Enquirer: 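Structure below; questions to follow.
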Amino acid sequence: MHPDSDTGDAKRQGTQNTNSMVSAVNSGNAIEALKGRIIATHKLLRYLDTARKDLQNEKDRAAGLTDQLKQLEAEHDLVKQKLKNREMYAKQLEAAADDRANKKKTESVEVAKLKKDLAAMKQAKDSMQISYRSLQDENIKLKREREAWTKEREDFEEEKMEKSIDYEMLQNSLTEAKEEAATLQQKVADLQQELLKKSAIVPTQQPVAPSYHDNDLLAELQKYVEENRRLLNEKRVLQDRFTEQLVMNADMDKQLREASLGRFLPGASNVASSSQSLVLSPRTPASPKQQRTYPSVTSTVKSPPSAIVPSTPVAKASRLIAPAPQRITPAKKPQAPKTKLEKLAGMRLTGIQRKRANDESTVGPGRPAKRPSVPPAPTGIKDNAVNKLLKLAPGEAMAALPETAKIIAQHRLHDPNGTNMLFSSIALLLKELKSHSNPTSKGSGTNMDMGVYGVPGGIHVLSPNCIITPERNIAWVVYAYYSLHERELLHEFTGWAMTQALEFLKVSKTGLACRYIRLLAMVLRQANDKKRMHVFCYDVIRTTPLKDNAVFPMLNIALLWPDVLKLSAIATAGSEMVVKAIQSACVAYIQSTDENKANLQLTYQYFIQLCGWPAIHETVPLEKRIVEFTEVLLSGEFKQIASLKPDAFADLRFNLVKSFELVYYRLNNWESIYNVFVIQVLWPLMRDVQLADTCLELMAVVVHLGTLTKDFLAPRRGRHPQKENEQSADIEAIRQKFVQALNISNACLEDEFDLQVTSAKGLIMLASGDVNRVMPVIEWYQKIDCHFSKRLPLEFAKTLSKLTTVVRSTLVSTPSL
């Protein structure tokens, strides 16, 4: 049934009951009327009770609605506040949209510029493709020419063998001719002597006709003279052919060398044309019978064969016609050593550029004497066994290594406090090398494939092919020596090499410093000392002056050991923060410099490929790195690690402090260091017991940057004498805070001792060489209990002991007033 019909039935039934009740009350029967009234009263009571309950329900409902209204009003206020926040956020978004619009305009200009550059690059690409095709064609042509040259070389080898046989035959013929000429000369001399004796017997006043015997003697003498003349002429021709043969052999060797290396030498395109003009016409070697039938030469030569040389330089002499011989007089002063051609010829030739003899004291005007400035080294360091060992290839060096190790050990025993012989030799060789600070800039620099260099199946080092062979030889010898003979002293070498590299970086000798960096990277990689290499990377960026190129030293490390500078996709703590600071510092230098920026941007691509660094436009700037590292300092996990994992916290704290120091050093802004970081960030955190020690260390490290010499740093922006005075006052205020931290209480507590140690380190760091500024540290060190003195770090305790000795000696030597 429909619900409306049920309601209508209920109403009709109620109306009927009401009518019956009214009729009963109005009835004339008193009993019915009373009964009707009782029923009406009962119903009225029930109605009143129902109305009372309904009223109470309505009141409860009104109270609920009131509470609901209050709740809605509270929600209304909250919605109003959210709306207000949303309006503020909308305004911020509008401002950000305006900024993005401005950036978009700027980017549109840059995009237009990039489009132009892209068009230019496309044109350059087309031209390069054309050049590439031409080079391919030329390469094919050169390959064909190489095949032809190979074939011709084989013919030359055959001809050379024939010429050598011909040469030996000519030498034998020349020897026989010399012996025969000597015999004939002796006979002629005897005949002339006999003729003179006979002519002396005949009276001069009576001419006598020659007898038959005299005519025969004269005829024989004339015959010997003619034979002697012919032999001399033959000797000269043989000498000419001998010289000609030597020149031809030298030209053949030169042509073969140019044919083999022509495509790798400058001007390779001209090799084919020039080589064709140098081809010798083949000559058939003369038979022994033909060697004695040369045309007669009218000139007679009485000088010995060893004095006959060409009159013109060999380089200009004809290959088929020998030059006329001439007589030379021996030099009185010491002569230069013979060249290879002269040794083959057995004589000296004019026009040959030769090295000067060792005993000559004069130097030519075109080449003045040069003496390289090298670090102090033992006498005869250029000729000692260590220097020779460092120049050998690994195979040869392995055989000579044991004997050289004995020499080094003997030198160490003889002079234990002197300069290490190995170190001096390495310093000398690295000084004389000509390798560039950027290995990718010349030669095979584009070949970054990592290769194994050393003994096959034995000791080796890893390096890309762009590293020159002398440097790889030195690295291999160093690693082999310390691996086989003095493994425990490897740290001594790495410490020395690190010191050398950092000292050269301080004086802006980046090229020489990069040679030590490459040597260290190769040796430490083989020793698998990654932690020490991480620390060295920080030292390189922290030591390099702000005005110098810090990208190339990092590039050498990335080429030789990319894992040290690698940034992973997932951010990790510890050394990752230092690498991020190094990456931002390199990009900041590239963006700030105007010198050779295009080359630096191209060089940065190697970091992207090898170490996973972000692109330049995606790099987090140094200012935002500070915010990133500050969030690590303020995070709750930083405190949790301190209590749960002390070793991990010590590593994290060390790298966090070094990261802050590195970023603020590269920023070089005292306002940001003191007014923002020290006052606004570190000072409020000093109230936190868990962070107070870390904050003290950070204060000492970053404030120490303000004490560095001005010539070491680049000029700060807006440098002014008044600001310099304010900076000095700020540093002095921090020193006083450290002095106060040393005197926290007379009876030092366990929690206070770590703060006092950090304060003492900070005061020493900020002393700047002034003894009076470290006096509070000396007093504190002398007053601490033995219980606490045992807790001092070993190195810091040694520093305090030495410092106390120095201060006492200074006070004793200072006269009292």
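Predicted, not measured: the structure shown is a model, and the values here were computed from it.
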Enquirer: So, K80 and D77, do they make that salt bridge, N to O below 4.0 Å?
Expert: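 So K80 does not pair with D77 through a salt bridge.
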Enquirer: Could R653 and D693 be called an ion pair, given the rule that one side-chain N must be under 4.0 Å from one carboxylate O?
Expert: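 Result for this pair is yes, salt bridge flagged.
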Enquirer: Using 4.0 Å as the upper bound for N to carboxylate O, is an ion pair formed by D539 and R542?
Expert: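 No.
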Enquirer: Quick one: does W780's side chain get under 4.5 Å of V739's, heavy atoms only?
Expert: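 In short, these two side chains do not touch, never coming nearer than 4.5 Å.
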Enquirer: Check this for me: does any side-chain nitrogen of one of K70 and E73 sit under 4.0 Å from a carboxylate oxygen of the other?
Expert: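 Not counted as a salt bridge, because no side-chain N and carboxylate O are separated by less than 4.0 Å.
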Enquirer: For residues 672-681, which residue pairs pass the side-chain hydrogen bond (donor to acceptor under 3.5 Å, both in side chains) check, not counting sequence neighbours?
Expert: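 Listed by first then second residue: E671-N675.
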Enquirer: Measuring from atom CD of Q640 to atom CD of Q690, what distance do you get when rounded to the nearest 0.5 angstrom?
Expert: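 Reported value, rounded in 0.5 Å steps: 9.5 Å.
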Enquirer: Between Q605 and Q609, do the side chains contain a donor N or O and an acceptor N or O under 3.5 Å apart?
Expert: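 Not at all, the side chains of Q609 and Q605 share no donor-acceptor pair under 3.5 Å.
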Enquirer: Give a yes or no on whether a salt bridge exists between E94 and K91, defined as a side-chain N under 4.0 angstrom from a carboxylate O.
Expert: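 A salt bridge is absent here (no side-chain N lies under 4.0 Å from a carboxylate O).
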Enquirer: For residues 611-651, pull every pair meeting ring-ring contact (aromatic ring centres under 6.0 Å, His included), keeping only residues two or more places apart or in separate chains.
Expert: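 Of all non-adjacent pairs touching residues 611-651, those that pass ring-ring contact (aromatic ring centres under 6.0 Å, His included) are F607-W613, F629-F660, F638-F649.
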Enquirer: For the CE atom of M554 and the SG atom of C611, what is their distance to the nearest 0.5 Å?
Expert: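 If we round to the nearest 0.5 Å, M554:CE and C611:SG are 10.0 Å apart.
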Enquirer: When rounded to the nearest 0.5 angstrom, what is the spacing between CD1 in I679 and CE in M699?
Expert: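 Answer rounded to 0.5 Å: 7.5 Å.
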Enquirer: Inspect the surroundings of CE in M121 and state if more than 12 heavy atoms from other residues, nucleotides or ligands are less than 6.0 Å away.
Expert: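 12 or below, so no.
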